[in-house]
Peer 1: 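Would you mind keeping the following structure in view while I ask a few things?
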Amino acid sequence: MPDVTVVGGGPAGTLSARLLASSGRDVTLIEDHHVSGTPVHCAGVVSGEVIENMGVKPEVEGIISAAEVVLPDSTSIFTRRRSPYAYVIDRSDFDVKLADAAEAAGVTMKYGIRYKNHQVTESGVTINTNSGSITSDLLVGADGQSSLVAASLGNNAARSYIRGAQADVEYRMDDQECMRLWLGRDVAPGFFAWMLPLGDKTRIGLGVGLEYGPPIEYLNRLLDKTGLAERRRLATYVGKIPIGGRRVSYADRTLLIGDAAGQVKPVSGGGLYPISKAAPLLNETINRAYSMNMFTSSTLALYERSWKREIGKSINGGMRLRKYFDMLTDEELCQIGHLYAREDISELLSEIDVDDPSNVVRPILRCKGVKSTLLKIYLRHLL
Ligand SMILES: Cc1cc2nc3c(=O)[nH]c(=O)nc-3n(C[C@H](O)[C@H](O)[C@H](O)COP(=O)(O)OP(=O)(O)OC[C@H]3O[C@@H](n4cnc5c(N)ncnc54)[C@H](O)[C@@H]3O)c2cc1C
């Protein structure tokens, strides 16, 4: 009987499983697909810190050290710096390498096995799958945005969802270091759109709030607008991003991680950084539970306290920022955007940390005229 059964062979599952196996646990991972990393639902944008934390070297398809943000009135704000903001990785290759590393650490990987439900008893947790049952001490739900393990904890949907769609097209962007981002209700209501330079191909995509209909329609419009609709399409991806967290990430003998736990940055939709922070904390909590031989929710609650201490503030702050931006009209978005074109603010903006954009929020708020403009707009919506 394994100590821990992990459900899901994405980055949250494979990283957690690897850390647990390296701590001496007997770990079995089940994944419903026949390989990790396919299909892809990700733009692949990560910081250097994420790559370092995850401990495998993915194929890097692009290095981003500049950004052009296009406002609804077509004004562009540019920011550039010497060191990279982010890397665009081959997400499929990344997931495969993480799965290989888990297996090399001793994890038993079982592909083509689908979690159905589980029962917790005093002596263990029994996981029922499409191919028999597995009993272990603990269950880790890393089964992504539509997590059945998360749902089994009751009233545990993510606070909100963004729906995304993107395409890789045969086209070479002129500036191979600069990503282009669009804001505005016409292009990507409730989120933003992106265009990433990846050599002879370009990744173009967007997210939209659930209430705005299918993202693929917005993507087709963006492809038309950019003149890329006629280019050869190499791949199309769609997916859902859970944002704002879930009610709970632990229960008796059960822990959640990654999209299954709603651990996603609400402003960018990035899920890989939170996973890289949460997995070591999950490992620590499980090691502690073994040292006490106690697997109840009160012992496992430590995990949620620790990951919230690490990334909870930026998730909550990001949600507040999202709420503010969601209420803006395109005109107001431009009014704020034009402030960012000012030299003093764009200089601060160039120091943005993609993992924690709040690092520039306070300094920008201190710049002349920023707080009063934001407040004026906010009050207009209240009255
Ligand atoms: C359009 C889009 C763009 C994105 N871009 C970025 C980005 O640029 N940077 C970034 O950091 N994040 C990005 N994200 C978010 C990121 O992809 C996710 O946060 C990340 O994949 C979460 O990893 P995970 O392991 O929790 O879940 P997943 O990667 O979804 O893995 C879950 C795994 O569980 C398996 N599974 C599900 N149900 C079961 C079951 N019942 N039984 C067995 N196995 C099961 C699935 O097959 C899957 O392999 C993007 C998301 C979308 C949709």
Side-chain angles (χ1 to χ4, degrees), residues 5-17 28-47 49-51 53-54 58 61-62 64 86-89 91-92 94-96 98-99 109-118 127-131 134 139-152 158 161-167 179 188 191-194 196 203-208 215-216 219 236-243 249 256-266 268-276 278-279 354-355:
T5 304
V6 176
V7 179
T14 50
L15 179 61
S16 305
T28 291
L29 183 149
I30 61 169
E31 159 62 46
D32 63 348
H33 289 91
H34 289 279
V35 283
S36 284
T38 313
V40 170
H41 315 279
C42 184
V45 180
V46 291
S47 66
E49 188 186 340
V50 170
I51 298 176
N53 290 350
M54 293 283 201
E61 298 185 293
I64 306 295
Y87 299 86
V88 187
I89 58 169
R91 180 56 205 272
S92 175
F94 188 52
D95 284 21
V96 169
L98 282 167
M109 307 288 282
K110 293 190 172 176
Y111 286 100
I113 307 290
R114 166 158 267 269
Y115 161 97
K116 288 209 244 160
N117 55 46
H118 69 273
I127 293 110
N128 302 310
T129 75
N130 59 342
S131 170
I134 307 168
L139 161 65
V140 173
D143 46 339
Q145 55 86 15
S146 57
S147 170
L148 292 180
V149 183
S152 77
Y161 288 90
I162 297 294
R163 288 204 289 175
Q166 59 178 3
M179 67 179 165
F191 209 57
F192 62 90
W194 56 86
L196 304 168
R203 179 160 302 152
I204 181 162
L206 46 80
V208 298
I216 206 83
L219 179 64
T236 306
Y237 322 76
V238 289
K240 243 161 98 183
I241 308 174
I243 55 168
S249 61
L256 303 174
I257 184 162
D259 279 10
Q263 291 161 335
V264 176
K265 295 181 286 176
S268 66
L272 296 173
Y273 173 74
I275 289 169
S276 77
V354 289
D355 290 326

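All ligand and atom numbering here is 1-based and tracks the order in the structure. Just so you know, these numbers use all the heavy atoms, side chains as well, and skip hydrogens, waters and symmetry mates.
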Peer 1: Out of G269, G164, S16, whose heavy atom is nearest to atom 14 (N) of ligand 1?
Peer 2: G269
Peer 1: Could you tell me which atoms of ligand 1, counted from 1 in the order shown, lie closer than 4.0 angstrom to a heavy atom of H33?
Peer 2: 47 (O)
Peer 1: Would one find an N or O of A43, backbone or side chain, under 3.5 Å from an N or O of ligand 1?
Peer 2: yes
Peer 1: Out of G144, G44, S268, indicate the one that has the non-hydrogen atom closest to atom 30 (O) of ligand 1.
Peer 2: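 Ranked by closest heavy atom to atom 30 (O) of ligand 1, first place is G144.
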Peer 1: Return yes or no for this condition: an N or O of W194 is under 3.5 Å from an N or O of ligand 1.
Peer 2: no
Peer 1: Starting from atom 23 (O) of ligand 1, find the nearest protein heavy-atom neighbour and note its residue, name and distance.
Peer 2: I275 CD1, 3.4 Å
Peer 1: Mind checking whether D259 has an N or O less than 3.5 Å away from an N or O of ligand 1?
Peer 2: yes
Peer 1: Are any of the N/O atoms on R91, whether in the backbone or the side chain, positioned under 3.5 angstrom from an N/O atom of ligand 1?
Peer 2: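 Min N/O separation from ligand 1 is below 3.5 Å for R91.
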Peer 1: Find the distance between CD1 (I134) and CD1 (I127) and round it off to the nearest 0.5 Å.
Peer 2: 6.0 Å
Peer 1: Taking N or O atoms only and a 3.5 Å limit, does K240 qualify as a polar contact for ligand 1?
Peer 2: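 Between K240 and ligand 1 (N or O atoms, distance only) the closest approach is not under 3.5 Å.
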Peer 1: How long is the span from the CD1 atom in I241 to the CZ atom in F191, to the nearest 0.5 Å?
Peer 2: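 These two atoms lie 4.5 Å from each other.
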Peer 1: Looking at ligand 1, is there an atom of it that comes within less than 4.0 Å of some heavy atom belonging to K265?
Peer 2: no
Peer 1: If you measure from CD on Q263 to CG on L272, what distance do you get to the nearest 0.5 Å?
Peer 2: 12.0 Å
Peer 1: In Å, rounded to the nearest 0.5 Å, how long is the span from CG of L206 to CD1 of I216?
Peer 2: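 Atom-to-atom, L206:CG and I216:CD1 are 8.5 Å apart.
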Peer 1: Taking only residues two or more places apart in sequence or in another chain, which ones pass side-chain contact (heavy atoms from CB on, under 4.5 Å) with K265?
Peer 2: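 For K265, the residues satisfying side-chain contact (heavy atoms from CB on, under 4.5 Å) (neighbours in sequence not counted) are S268, Y273, P274, D355.
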Peer 1: Side chain or backbone, does C42 bring an N or O within less than 3.5 Å of an N or O on ligand 1?
Peer 2: no
Peer 1: Could you walk me through whether L148 and R114 pass the side-chain contact (heavy atoms from CB on, under 4.5 Å) test, one step at a time?
Peer 2: CA-CA 10 Å; L148 292 180; R114 166 158 267 269; 4.0 Å; yes
Peer 1: Under 3.5 Å between any N/O of G271 and any N/O of ligand 1: does that happen in this structure?
Peer 2: yes
Peer 1: Quick one: list whatever passes side chain to side chain donor-acceptor pair (under 3.5 Å) with T38, sequence neighbours left out.
Peer 2: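 Listed in chain order: nothing, the list is empty.
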Peer 1: Going by the angle between their ring planes, with limits at 30° and 60°, are H118 and Y115 parallel, tilted or perpendicular?
Peer 2: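 Rings of H118 and Y115: tilted, as their planes differ by 30° to 60°.
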Peer 1: Counting each atom of ligand 1 from 1 as listed, which ones have a heavy atom of G10 under 4.0 Å away?
Peer 2: 25 (O), 31 (O), 33 (C), 49 (O)
Peer 1: Are any of the N/O atoms in P11 less than 3.5 Å from those in ligand 1?
Peer 2: yes
Peer 1: Would one find an N or O of V45, backbone or side chain, under 3.5 Å from an N or O of ligand 1?
Peer 2: yes
Peer 1: Answer with yes or no whether V149 contacts ligand 1, where contact means a heavy atom under 4.0 Å from a ligand atom.
Peer 2: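 V149 does not count as a contact of ligand 1 under the 4.0 Å cut-off.
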Peer 1: Would you mind finding which of E31, H41, R114 brings a heavy atom closest to atom 52 (C) of ligand 1?
Peer 2: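 That would be H41.
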Peer 1: Under 3.5 Å, N or O to N or O, is V46 touching ligand 1 that way?
Peer 2: no
Peer 1: One pair to check against side-chain contact (heavy atoms from CB on, under 4.5 Å): M109 and T14. What are the steps and the verdict?
Peer 2: CA-CA 9 Å; M109 307 288 282; T14 50; 4.1 Å; yes
Peer 1: Between N130, D355, D32, which one has a non-hydrogen atom sitting closest to atom 43 (C) of ligand 1?
Peer 2: D32
Peer 1: What distance do L15 atom CG and I275 atom CD1 have between them, rounded to the nearest 0.5 Å?
Peer 2: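 These two atoms lie 8.0 Å from each other.
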Peer 1: At what distance, to the nearest 0.5 angstrom, does OH of Y237 lie from SG of C42?
Peer 2: 9.5 Å
Peer 1: Side chain, backbone, both or neither: which applies to A142 and ligand 1 if a contact is any heavy-atom pair less than 4.0 Å apart?
Peer 2: backbone
